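The shown structure was predicted, so the numbers you read here are calculated from the model rather than taken from an experiment. The analysis underlying the following values was restricted to heavy atoms, covering all of them including side chains, and did not include hydrogens, waters or symmetry mates.
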Protein chains: 2
Amino acid sequence: MTNVHALVPDRPVARKRDADATRAAILAAAKVHFARSGYDGAFLRDIAADAGADAALINRYFGGKDGLFAAALKDSIRPDAISQWDRKTFGRDIAKMMANHAHQDNERMHAFQFLLRAATSPATAPLLNEAVQNRFLGPIRAWIGGEQAPARARIVASIFIGLLVERLIRDEPLADNEREAFIERTGTLLQSLVER
Amino acid sequence: MTNVHALVPDRPVARKRDADATRAAILAAAKVHFARSGYDGAFLRDIAADAGADAALINRYFGGKDGLFAAALKDSIRPDAISQWDRKTFGRDIAKMMANHAHQDNERMHAFQFLLRAATSPATAPLLNEAVQNRFLGPIRAWIGGEQAPARARIVASIFIGLLVERLIRDEPLADNEREAFIERTGTLLQSLVER
DNA sequence: GATCTATGTCAACGGCGAATGACATAGGCC
DNA sequence: GGCCTATGTCATTCGCCGTTGACATAGATC
């Protein structure tokens, strides 16, 4: 099976011998694969192939599959990413993003889906509680602020995750009329949670 | 490792030779294991052990792991279950259930978590689109009714799933004050989606 | 250009878990 | 009681995938 995602070129560019570059290529491919297939479903040989590298190098550079996963996880969580959302349009922005078809991916969505995979994969549970609680829920709570911030943050995070899953398992675009209603309702709903 | 869930007795009751009974025992054990560990993380030997049966019987009765999963999935989705919710208290009922600690399980939660595992496990994706769309989203849509039912149903389902995931990865009970606020806000939020 | 090290390649190995098929036996049927 | 089939048990096979170590070679250093 050839790789399906545009972020990783089908014919990897030939690299000179460059440890840093191959390390980066492996990491990039790993993020895609883990996001798409979860920990168990992602295979080192496939990742290496997409990165134009040899599977043995994964062990050399990351110490094994666990190390690669941890590195990819770390690289996927940007603690400051949340604060960059616009408070005024937050709800509608998220809603729009989620209304997209699952296969119209972009890098931000990939990071989210990676987190989702990590969160729901039993094999990676030990890593995850820390990461999700401290790096996802915590920042949201701080960003939201105001009264009952913990509860509101938890609800926002939950809805966020739910939309992500729904998007993941939905295999067709939303019908136009449903799409409008979906964005409108989801948007205002999230927005109201942010504002008070 | 011995099984941890009360639904499956530690020392399975000795059965007479009874294909239906062992089939049922295997199915029950499978639902627990799949719900707890997902498709990849559940092992036929463990399931068989918990059911007090031999792993080979799984192949005989269900045709393999896939067949067992499909059977467990089918058995976990009761199309009529949704209509039994009380329209007046729906929001708060769900919110309360979700506020519980993840390890305080009951049979209903098990079914939900099974669905969640199925939804997020790539190995089972082919099965899922049909199941979730037709047996989960569809019934919710019909039950909700009214204006913009498709969009509202989708949002309710998404929130539902999100709460499920949040509950799954949260490893400690909610603090008392957050708990109250969480139930109150989530409850009214869901309720408003049901009512209009 | 000789040498040396970092980088990359290749071919195994080993474990694990699903699947298979041969064998054992309980329990009905005549 | 003597078969006969459905049910259960056991040992083995098979394939997959992470990992390992031996080997090849590019490219820097002198």
F69(A) ring center near F114(A) ring center (under 6.0 Å): yes
Rounded distance in Å - CG (L44(A)) to C1' (dT20(D)): 13 Å
Qualifying residues under salt bridge (charged side-chain N to carboxylate O under 4.0 Å, His left out), relative to E178(A), sequence neighbours excluded: R154(B)
Whole-Å distance separating the CG atom of N59(B) from the C1' atom of dT20(C): 8 Å
Exercise: do Y39(A) and D40(B) side chains pair donor with acceptor under 3.5 Å: no
Reading 5' to 3' through nucleotides 3-15 of chain D, protein heavy-atom contacts under 4.0 Å coded B for base, S for sugar-phosphate only, - for none: ---BBBBB-----
Separation of atom CG in L68(B) from atom P in dG17(C), rounded to whole Å: 16 Å
F62(A) six-ring centre to R23(A) NZ/CZ under 6.0 Å and within 45° of normal: yes
Whole-Å distance separating the CG atom of D40(A) from the C1' atom of dA18(C): 15 Å
Salt bridge (charged side-chain N to carboxylate O under 4.0 Å, His left out) against E184(B), all qualifying residues, sequence neighbours excluded: R92(B)
Length of the NZ-P vector between K65(A) and dC17(D), whole Å: 9 Å
Distance in angstrom units between F43(A) CZ and dC17(D) C1', rounded: 8 Å
Worked verdict on D50(B) versus H33(B) for side-chain hydrogen bond (donor to acceptor under 3.5 Å, both in side chains): CA-CA 9 Å; D50(B) 278 359; H33(B) 278 261; 2.7 Å; yes
Distance, rounded to the nearest Å, where I58(A) contributes CD1 and dC17(D) contributes P: 13 Å
Sugar-phosphate, base or nothing in reach of A48(A), heavy atoms under 4.0 Å: nothing
